[in-house]
Each structure stands twice: as structure tokens, then as C-alpha cells.
Amino acid sequence: MVTDKIQKKIDRLRQQLWHHSHLYYVLDDPEISDSEYDRLYRELQKLEQDHPELVTHDSPTQRIGAKPLDSFSQVQHRIPMLSLDNVFSEDELQAFYKRIQDRLNSTDTVEFAVEPKLDGLAISIVYENGELVQAATRGDGEIGEDVTQNIRTVQSVPLRLMGEDYPDVLEIRGEVFMPKAGFDELNRQAREKGEKTFVNPRNAAAGSLRQLDPEITAQRPLAMYCYSAGIVEGYDLPETHSEILQQIKRWGFPVCGESKVVEGISGCVAFYNDILQRRDQLAYDIDGVVYKVNRLSLQNELGFVARAPRWAIAHKFPAQEEVTKILDVDFQVGRTGALTPVARLKPVFVGGVTVSNATLHNMDEVRRKDIHIGDQVIVRRAGDVIPEVARVVNSARGKDVKPIALPDKCPVCQSDVEQTEGEAVARCSGGLFCKAQRTEAIKHYASRKAMDIDGLGDKLVEQLVEAGLIDTVADLYQLDIDAVAALKRMGDKSAHNLIEAIAVSRQPTLAKFIYALGIREVGETTASSLADAFGSLDALAEASEERLQEVPDVGPVVAQHVVHFFSEQHNLDVIKQLLDSGINFKQQAVASALNEQLKGRTFVITGTLHSMTRDQAKAKLLAAGAKVTGSVSAKTDYLLAGEKAGSKLSKAEKLGVKVIDEQQLDELLS
Ligand code: IVH
């Protein structure tokens with residue numbers, strides 16, 4: 001017999017679970033631990049198993065579990081789902097604004113609700129008496145597909161509206177998308193299992209939502225942001241779009257946190273520039289921003305043209321993907337001899353610049369993406385990332401395409417190319433005999449995190465090698481000022497400055513010097529650990545693989561590379577020349593200056609710092625004998641947290657790691 005008590009208990013558990021899943025999935029601000037949530041969930045599940053007659057459709061236990069469909073049924077949208085017109089420039093935006101003012105017969109500044117244009121797919125979700133009853137894709141705007149059981153598995157979509165005061169019938173519209181991190185993880189898993197990967201988050205979101213089996217959709221990391229209401233019965237909505245979004249939020253829906261209200265065209269442009277600049281840092285893909293006249297009375301006055309409203313416009317960002325042709329493929333040789341295939345492209349404007357080369361990473365990638373010379377390909381350039389070939393346009397493959405072959409001789413020095421079993425990367429075996437490897441080694445030596453030789457950038461290194469003025473890093477200290485001055489674009493002053501900067505770099509810390517040597521797999525942090533552990537270059541050079549592996553961060557591979565490096569006579573020769581030319585570590589000074597409080601302590605840096613960059617903070621800490629790692633764990637001693645510190649800060653607090661700010665860091669350092 002069902003007692004009132006059980007019904008009450010079930011109601012309470014559902015309320016609690018709705019509340020906590022809203023905090024977790026929508027507001028990203030949980031109040032209870034995952035295990036506490038699971039406990040409540042299991043308690044409800046058990047009660048429902050014992051009393052199946054009390055299961056309701058909106059119960060938190062009922063998201064997943066519907067049976068696979070044979071096909072999707074069709075849904076007629078009662079209010080058509082419109083699309084947006086686009087503008088691509090400020091001029092076109094001005095024209096849009098002028099059309100609005102003309103139609104409204106007013107020169108008053110217009111207020112806009114502005115939002116990112118999410119790159120996913122539009123969805124309509126209908127609630128009756130507060131309960132989710134139907135979800136449909138946009139389809140052709142008139143008729144879409146019924147994806148109700150799939151939408152129910154999207155955790156941030158409420159199965160029941162929050163609060164007491166809501167319309168009898170409410171249609172919410174928004175965009176379903178896949179956050180970038182979830183997309184990367186999904187593709188990583190697919191690759192691991194040898195399955196096909198998705199080309200971009202939008203395709204992944206669309207593919208995931210259009211699954212006949214909701215179990216599959218449930219496993220995909222889908223999210224949603226709501227951007228408007230459709231049908232509303234039995235409720236008076238507020239009078240502006242921005243207030244409607246606030247109301248939608250109160251009913252428990254996720255709304256994009258970047259949405260805001262701005263004045264006139266200057267407000268729109270400022271929003272566009274701000275979001276464009278932060279585009280790559282956002283957790284989801286966007287392809288522009290949307291401006292919507294905020295006041296509904298004005299929207300009504302403006303009305304629609306064909307299939308788009310006159311009161312809204314999408315201001316698109318430069319495309320990050322474009323189609324072009326691979327004209328040829330060259331192989332570039334890196335510092336460690338790694339051969340990187342680089343596609344020479346028919347120049348194409350993408351991501352705001354003209355691109356004529358794109359990396360193909362390595363031969364495994366070439367095979368995986370099945371890339372040929374002559375293929376039409378999609379080139380992608382996101383932010384400052386090096387342009388890459390995302391995929392081949394398969395339908396466009398001509399008969400005259402040629403396979404890409406790994407050369408068996410280095411294209412620069414003609415030494416043999418070798419590929420170790422199990423490694424994706426092929427390497428030139430020429431070592432420092434190879435001009436490309438020498439040049440890259442010198443660039444690395446001079447770089448900011450290594451010897452930090454002011455003014456000695458990549459181009460100048462290439463010029464010096466090309467002119468035969470330097471062969472190894474040791475030659476830098478023997479440079480003839482007149483010969484440098486005679487180089488193109490140099491002159492006396494620049495030559496003098498360069499020689500001066502090289503001279504200043506004669507006093508590195510031991511850690512920087514070890515890093516600058518460019519031993520394979522020895523990054524900044526490892527170099528610093530090695531310097532701490534051995535205290536001198538001689539001791540490091542004599543260390544055995546076993547002894548090396550006792551050093552933090554050093555595993556068998558790194559140990560092997562270090563031993564190998566110091567076993568090569570040409571490396572020892574260069575080091576001797578460097579020392580003879582006056583390289584003199586600050587090691588004595590550093591060793592005694594090592595701050596006892598910081599020595600050996602592990603730091604993590606997060607958030608935005610103000611008095612220094614994160615790299616500078618890291619350098620200071622390393623110089624003081626501390627270690628800097630990327631993620632917070634129980635082994636972390638301090639978290640240096642700047643502004644907008646996110647998950648690392650919460651993790652540190654959870655683990656009881658000491659959190660300090662910049663000022664406290666300075667105190668520790670002094
Ligand atoms: S409003 C009548 N707002 O863009 C207005 N749409 O090109 C209809 N989209 O089908 C849509 N982000 O899938 C609106 N913040 C946003 C949007 C957005 C993405 C998509 C939506 C729509 C398409 C129109």
C-alpha cells in the first residue's frame with residue numbers, strides 16, 4: 001500500500017534532485033558532492049522500483065531509458081522557426097541599422113540584446129503544465145523531427161519548469177551544441193577504438209541528436225543555450241528580449257552568460273570585437289554574434305521579410321575553415337630531426353589572414369585523413385594556432401591526385417630518414433650535420449625561455465646560418481661584428497646590439513643552460529629539476545640512467561636522451577667551446593640564493609596575474625628552486641591564483657592546498 005509518507009518522500013527527493021542538477025548542469029555551481037547526489041538519486045530509484053505506480057515522466061530517473069525508434073516522426077511547428085540574415089562587415093551593419101531607423105521613422109538610438117551565435121542546431125522544446133512534452137529539430141522551419149527522447153537525455157534541459165508561476169504551454173527555443181572539450185574527448189575515444197571521428201563540434205552535435213537510440217545520445221556531451229520563447233499560453237511575458245531571457249533562466253534553462261544589452265551600433269560593434277577576440281577561449285564554437293532589437297513592441301513594428309526577422313541580424317566572424325587545393329607537400333626538418341609534412345596550398349583567406357602553407361603534422365595524420373597532393377581540402381585556422389588541413393573534400397577528388405610519400409633521405413642534408421617502431425614521427429638521422437637541425441637548435445638556444453638573447457629571432461638565425469657565419473651555438477660568441485653589419489637589413493647599430501645581447505647571455509642559470517642545450521624531451525621544468533639535482537654540468541654529464549631516474553619528472557625515456565646527448569662527442573665539443581668562450585653559470589649564486597621556503601616546493605599557477613605574466617612568475621619560482629606543474633594534486637604545495645581563477649582554485653581549496661596571490665608570492669620570493 002502506498003502511504004502518503006512515501007509519496008511525500010519521493011516528492012522531496014525529486015525536488016532536491018531537480019534543484020541540484022540545475023545547480024550542477026545549468027549554473028555550473030554545485031552545492032553538494034557527486035557522491036551525495038548519487039545517494040539521493042539511488043534512494044529515489046529504489047523507492048520508484050518498489051512503487052512503479054508512482055513513477056512520473058518528469059522524474060530525474062526518467063531521462064534515459066526510452067527504447068530505440070525505427071524512425072523520427074514529424075512535428076509541425078505552430079510558429080515557424082525562422083532563420084537570420086547575415087552581415088559580414090560594419091558597412092552592412094550600418095545599412096541594417098539604417099533600415100531599422102527608417103522603418104521606425106525615428107533617429108532614436110536603438111537598444112539591442114546581443115548574444116553569441118552558437119554553432120550547433122536549433123531546437124524547440126514544448127512544456128505543458130510545466131512538464132517537457134515534446135522536442136523537435138528546426139527542419140525546414142515549418143516541419144522538424146521529433147527528438148523528444150533524445151533531448152530528455154541532455155542534462156541541462158529541465159524535464160520540469162522551476163518555480164510555481166509558468167505558462168500553461170511554453171515553447172523554448174535555443175541551440176543544442178557540443179562544448180569543445182567534450183568534442184575533443186569524444187574524438188579521442190573514437191580514435192582509440194579505431195572508429196570514425198567527427199569533423200567539428202556542430203556535426204558531432206547534429207549526429208548525436210539525430211540518433212534513433214537515446215542511449216547513444218545520452219553518452220554524448222551535449223549542451224544547450226536557450227535564446228527565445230515560441231508559443232506562450234496563459235502567461236504574459238515581459239516587454240523586452242533581455243527580460244524574457246532572465247525569465248527563461250528562472251524557469252531553470254541555461255542561457256548563454258555572454259548575452260547582454262547594448263546601445264546602438266557602437267555597442268554592437270564593441271560586443272562583436274570583444275567576443276571575436278575571446279572566441280578561442282570560449283568553451284563552445286561560435287560563428288558570429290546576433291543583435292536583436294530588445295523591445296518587443298519595436299520587434300512587432302518591424303516584422304519579418306520572407307523567412308527572417310527585420311529586427312535581428314547575425315554578424316558573422318571570418319570563417320575559420322575554407323576549401324582550397326593542395327599544390328604540393330614539402331617536408332620540414334625540426335630541431336630534433338623530426339620531419340613534418342607541410343602542404344603548399346593555393347592561397348586562401350581563412351580566419352582573417354591569407355594562408356598558403358598548412359601543417360599535416362606527421363605521416364600517421366596524412367594516412368588517417370587520407371590526404372593526397374591535388375586534393376581539395378578544408379583548411380582550418382583558429383586564432384593563433386598554426387593553420388592545418390582539417391579534412392579532404394572527398395566528393396571533389398580528381399583522378400590526377402598523387403599520394404604523399406615520406407622521403408627516405410633528409411631533404412636538407414640527404415642523411416637517412418629513420419622511423420622508430422611505434423613512433424608517428426620520422427626523423428633525419430643527420431644530427432648536427434643537418435643544417436636544418438643546426439638552425440633549429442640555434443633558434444631554440446637563443447629563444448626567450450632558454451638563453452633569452454634579445455633581438456636574435458628565428459629570421460636572423462636563418463640569415464646567420466645561411467651566410468655561413470655560424471654553424472653551432474658556440475659560434476655565436478665568436479661572431480665578427482663587421483660581418484654581421486654587412487648582412488642585409490642589419491647595419492652597424494643592429495650588429496652592435498646583437499653582439500652586446502649575446503655577451504649579456506653569458507651568465508645563464510644552470511637550469512636555463514641545460515634547457516638551451518635542446519636535449520630531447522628536456523623541457524623547462526625537467527631542466528630545472530636536473531639543475532637542482534646535480535648542481536653542475538659535469539655532474540649531469542656523468543650521471544647514469546639509473547641516477548637520472550631518481551630526479552623528479554625524469555623517466556626512462558628522458559634519462560636515455562640525457563645520457564645519449566652527453567655521449568656524443570660533437571655535443572661535448574660544443575659545450576667545451578661555450579664554456580671556453582666565457583659561459584659562466586650563476587649556479588653558485590643561485591644555489592646559495594635558493595630560498596629555503598621555496599626550494600623543492602611544487603607550485604601551480606592559474607588565473608590572470610597583473611604585476612607579471614605567468615611565464616615570468618614561473619621563471620622566478622624556478623630560479624628560486626621551486627617546481628611548477630600544470631595541475632593541482634595532493635602533491636601541490638602552493639596555488640598561485642590570479643584573477644578569474646577557475647577549477648584549479650576550487651580543486652586546491654578542496655584539497656587544502658595553500659592558495660596565495662601575487663603579493664604573497666613576492667613576499668615568499670624576498
Ligand atoms: S535567434 C528569429 N539567436 O542561427 C530568430 N539564433 O541563422 C531566430 N543561432 O536557426 C534565431 N545562435 O540555429 C538566434 N543567439 C542566437 C543564435 C541563433 C545560433 C542559430 C539558430 C538559427 C540560426 C539562424
Side-chain angles (χ1 to χ4, degrees), residues 75 77-88 92-93 96 100 112-125 135-145 147 151 154 156-157 171-179 200-206 208-210 222-232 237 240-242 244-246 248-249 253-262 268 271-272 274-276 279 282-296 298-317 319-320:
V75 173
H77 298 296
R78 274 172 53 197
I79 305 175
M81 291 184 77
L82 301 172
S83 64
L84 292 166
D85 279 340
N86 298 319
V87 293
F88 292 90
E92 289 175 356
L93 178 61
F96 163 75
I100 289 181
F112 289 99
V114 294
E115 300 157 11
K117 184 165 192 297
L118 304 152
D119 205 2
L121 60 155
I123 196 89
S124 138
I125 313 180
T137 60
R138 175 172 182 273
D140 62 4
E142 305 281 339
I143 293 175
E145 285 177 324
V147 289
I151 279 296
V154 178
S156 55
V157 172
E171 180 194 8
I172 290 292
R173 292 178 173 185
E175 196 88 347
V176 170
F177 58 93
M178 191 175 285
N200 58 37
R202 185 165 52 81
N203 287 31
S208 302
L209 197 62
R210 295 196 68 263
L222 292 175
M224 179 188 189
Y225 278 143
C226 302
Y227 51 62
S228 69
I231 309 160
V232 181
L237 282 180
T240 59
H241 180 81
S242 53
I244 294 174
L245 289 186
Q246 290 307 318
I248 287 179
K249 252 203 239 178
F253 293 93
V255 170
C256 178
E258 304 291 345
S259 314
K260 57 193 238 185
V261 175
V262 303
C268 291
F271 181 71
Y272 174 93
D274 173 43
I275 298 287
L276 177 60
R279 178 185 199 179
L282 296 180
Y284 40 84
D285 267 358
I286 59 173
D287 56 355
V289 292
V290 184
Y291 313 129
K292 302 173 180 174
V293 171
N294 199 23
R295 193 150 287 286
L296 296 203
L298 297 182
Q299 288 189 3
N300 290 335
E301 224 178 304
L302 289 162
F304 301 86
V305 252
R307 312 188 49 127
R310 283 203 192 88
W311 44 263
I313 201 91
H315 192 171
K316 299 289 275 288
F317 290 153
Q320 290 182 315

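Every number for a ligand or one of its atoms is a count from 1 in the order of the listing. Positions are given from 1, in the same order as the sequence printed here.
- With rounding to the nearest 0.5 angstrom, the CH2 atom of W311 is 8.5 Å from the CG atom of L296.
- Not one N or O on the side chain of H241 forms a donor-acceptor pair closer than 3.5 Å with the backbone of V114.
- Residue I151 holds its CD1 atom at 4.0 Å from CD1 of I123, rounded to the nearest 0.5 Å.
- Side-chain atoms of D85 never come within 3.5 Å of backbone atoms of I313 as a donor-acceptor pair (strictly under, hydrogens ignored).
- Atoms of ligand 1 found under 4.0 Å from any heavy atom of P309, numbered from 1 in the order shown, are 2 (C).
- Contact atoms of ligand 1 toward L84: 5 (C), 6 (N), 7 (O), 14 (C), 24 (C) (distance under 4.0 Å to a heavy atom of the residue).
- Contacts between K292 and ligand 1 below 4.0 angstrom, taking non-hydrogen atoms only, involve the side chain exclusively.
- Atom numbering of ligand 1 starts at 1 in the shown order; those under 4.0 Å from a heavy atom of E115 are 3 (N), 15 (N), 16 (C).
- To the nearest 0.5 Å, the span separating CZ on R307 from CE on M81 amounts to 11.5 Å.
- Atom CG of L282 sits about 6.0 Å away from atom CD1 of I275, to the nearest 0.5 Å.
- Protein heavy atom closest to atom 8 (C) of ligand 1, with residue, atom name and distance, is L82 O, 3.8 Å.
- With contacts defined as side-chain heavy-atom distances shorter than 4.5 Å, the pair K117/L84 qualifies.
- The proximity of R173 to ligand 1, defined as any non-hydrogen pair under 4.0 Å, does not occur for either the backbone or the side chain.
- Ligand-side atoms of ligand 1 in range of P116: 12 (N), 15 (N), range being under 4.0 angstrom from any heavy atom.
- The line from CZ of F96 to CG of N86 is 11.5 Å long, rounded to the nearest 0.5 Å.
- Heavy-atom separations between S228 and ligand 1 are all 4.0 Å or longer.
- The protein heavy-atom contact nearest to atom 6 (N) of ligand 1 is Y227 CZ, 3.5 Å.
- Residue contact check: R138 has heavy atoms under 4.0 Å from atoms 10 (O) of ligand 1.
- Summary of contacts: the protein heavy atom closest to atom 4 (O) of ligand 1 is K117 NZ, 3.2 Å.
- Taking any N or O of L118, backbone or side chain, at least one lies under 3.5 Å from an N or O belonging to ligand 1.
- On a distance-only criterion, S83 and ligand 1 share no N/O pair closer than 3.5 Å.
- Considering backbone and side-chain N/O atoms, E175 comes within less than 3.5 Å of an N/O atom of ligand 1.
- Proximity to A122 (heavy-atom distance under 4.0 Å) selects the following atoms of ligand 1: 10 (O), 13 (O).
- Classified by interplanar angle (parallel below 30°, tilted 30° to 60°, perpendicular above 60°), the ring pair Y272/H315 is parallel.
- Note that CZ of F112 is 12.5 Å distant from NZ of K292, once rounded to the nearest 0.5 Å.
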